[in-house]
Novice: 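For reference, the structure I am asking about is given below.
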Amino acid sequence: MLRFTAPQSRGRVIAWSLLLAIPAALGLTRWIEASDHKDSALLAADHAADIADVYTFKSPVNPDNVVLVMTVSGFIPPSEASTTFFDPGVLYQWKIDNDGDAVEDLVIQAFVTGTGGHQVMHFRGPAKASELGSTTRVIEGPETATVAVSNTATPIAATRNGMTVFAGVRDDPFFFDLVQFKKIIAGQATSFRNPGVDTFAGTNVLAIVVELPSSMLGGTKLGVWGTTSRPQL
């Protein structure tokens, strides 16, 4: 079992080395998402821990369920889609605020074991965070779910304890006309094109997906953000 460890006397501690506060607020009737794709030199140098997007929305087939999605390692070209893998040294987390104070009440954690095309993603939570903010401990206790990482177009999903999970390479779902955006910023245009031209078309991301009953997260309006962490040295 992979453990994100500092010295044993300090427990299983993850120090904050990379934190992307990409929030998604879920109310009763709407969902919001935010995007980040290599916005800083630090993230560009740590591709495996770079969060592209976090999505939170109600399941389109079961309104009692919530879907949480995190994508990382953006701009993977098709030629590298089958050879880009999750980093076993990264802990991926959704942090969930269910009482409106902008502090995580629950966390769902994911981390991978294995290398190459034989990786398995492990999930823990939702559970109360043992540490708040930028320092994180891996949740104690049994895993909530595990799933083999999908490295091909055929998805592999697994369901356990009321949660359905997926991890693997997928086409980047985020749409953005970056060329036109830069023209707007430069004062060379005043609006986006219609139809727009997707800058991310043909590129891939590594995606982690959890679907679970809303009741497992508490509250009627949720604040959700994603983080990636590396072990403290």
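Keep in mind it's a predicted model, so treat the numbers as computed, not measured.
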Novice: Would you call Arg193 and Asp177 a salt bridge, using N to O less than 4.0 angstrom?
Specialist: yes
Novice: Using 0.5 Å steps for rounding, measure from the NE2 atom of His118 to the CG atom of Asn151.
Specialist: 8.5 Å
Novice: Taking the ring of Phe181 and the ring of Phe176, is the distance between their centroids below 6.0 Å?
Specialist: yes
Novice: Rounded to the nearest 0.5 Å, how far apart are CG of Leu206 and NE2 of His47?
Specialist: 7.5 Å
Novice: Testing the 3.5 Å rule here: is there a donor-acceptor pair between the side chains of Glu211 and Thr164?
Specialist: no
Novice: Where the side chain of Gln109 meets the backbone of Arg137, is there a donor-acceptor pair that is under 3.5 Å apart?
Specialist: yes
Novice: With heavy-atom distances below 4.5 Å as the criterion, would you say the side chains of Phe123 and Phe111 are in contact?
Specialist: no
Novice: Is the gap between the ring centers of Phe200 and Phe75 under 6.0 Å?
Specialist: yes
Novice: May I ask whether Val179 and Ile184 are part of the same hydrophobic cluster, defined by side-chain heavy atoms of I, L, V, M, F, W, Y residues being less than 4.5 angstrom apart, directly or through others?
Specialist: no
Novice: Taking Asn98 for its side chain and Gly219 for its backbone only, find out whether a donor-acceptor pair lies under 3.5 Å.
Specialist: no
Novice: Are Leu217 and Leu212 close enough that some pair of their side-chain heavy atoms sits under 4.5 Å apart?
Specialist: yes
Novice: Do you know which two heavy atoms are closest between Arg160 and Glu143, and how far apart they sit?
Specialist: NH1-O, 3.6 Å
Novice: Are more than 12 heavy atoms, taken from residues, nucleotides or ligands other than Phe192, located less than 6.0 Å from that residue's CZ atom?
Specialist: yes
Novice: Between the side chains of Arg170 and Thr71, is a donor N or O closer than 3.5 angstrom to an acceptor N or O?
Specialist: no
Novice: Step by step, would you call Val147 with Ile156 a side-chain contact (heavy atoms from CB on, under 4.5 Å)?
Specialist: CA-CA 7 Å; Val147 66; Ile156 303 171; 4.1 Å; yes
Novice: Within the structure provided, determine whether Tyr55 and Met70 are in side-chain contact (heavy-atom separation under 4.5 Å).
Specialist: no
Novice: Can a salt bridge be assigned to the pair Asp87 and Arg230 using a cut-off of 4.0 Å between side-chain N and carboxylate O?
Specialist: yes
Novice: State whether the side chain of Asp101 and the backbone N or O of Val103 hold a donor-acceptor pair below 3.5 Å, judged by distance alone.
Specialist: yes
Novice: I'd like to know whether Thr56 forms a side-chain contact (heavy atoms from CB on, under 4.5 Å) with Val66, so could you lay out the CA-CA distance, the side-chain angles of the two residues, the decisive distance to 0.1 Å, and finally the verdict.
Specialist: CA-CA 7 Å; Thr56 304; Val66 173; 4.0 Å; yes
Novice: Measuring from Thr113:OG1 to His122:NE2, what's the distance to the nearest 0.5 Å?
Specialist: 2.5 Å
Novice: Check whether any side-chain N or O of Thr146 sits under 3.5 Å from a backbone N or O of Met121 as a donor-acceptor pair, and report yes or no.
Specialist: no
Novice: Taking side chain as C-beta onward, heavy atoms only, is Phe86 less than 4.5 Å from Val149?
Specialist: yes
Novice: State, to 0.1 Å, how close Gly114 and Pro88 come at their nearest heavy-atom pair, and which atoms those are.
Specialist: O-CG, 3.7 Å
Novice: Apply side-chain contact (heavy atoms from CB on, under 4.5 Å) to residues Trp225 and Ile96 and explain how you reach the verdict.
Specialist: CA-CA 7 Å; Trp225 60 100; Ile96 300 145; over 6 Å; no
Novice: Membership question, hydrophobic clusters at under 4.5 Å side-chain separation (ILVMFWY): are Phe166 and Phe57 in the same one?
Specialist: yes
Novice: Evaluate the criterion side-chain contact (heavy atoms from CB on, under 4.5 Å) for residue pair Tyr92 and Val72; output intermediate values, then yes/no.
Specialist: CA-CA 9 Å; Tyr92 308 93; Val72 299; 4.0 Å; yes
Novice: Work out which heavy atom in Met163 is nearest to a heavy atom in Pro126; give both atom names and the distance.
Specialist: SD-CD, 4.0 Å
Novice: For Thr144 and Gly125, work out which heavy atoms get closest and say how close.
Specialist: OG1-O, 2.7 Å
Novice: Taking Val165 as the starting point, is it possible to reach Phe85 by hopping between hydrophobic residues whose side chains are less than 4.5 Å apart?
Specialist: no
Novice: Could you tell me the separation between the CE atom of Met216 and the CG atom of Asp64, rounded to the nearest 0.5 Å?
Specialist: 13.5 Å
Novice: Would you compute the distance between atom CD1 of Ile76 and atom OG1 of Thr84 and round it to the nearest 0.5 angstrom?
Specialist: 4.5 Å
Novice: Quick check: closest heavy atoms across Ser59 and Val67, and the distance to 0.1 Å?
Specialist: CA-CG2, 4.0 Å
Novice: Any side-chain heavy atom of Trp94 sitting closer than 4.5 Å to one from Val107?
Specialist: no
Novice: Does the side chain of Ile185 come within less than 4.5 Å of Lys182's, by heavy atoms?
Specialist: no
Novice: Measure the CG-OG distance between Asp172 and Ser73 for me, rounded to the nearest 0.5 Å.
Specialist: 11.0 Å
Novice: Specify the closest pair of heavy atoms between Gly162 and Pro213, including all atoms of both residues, with the distance to one decimal.
Specialist: O-CD, 3.2 Å
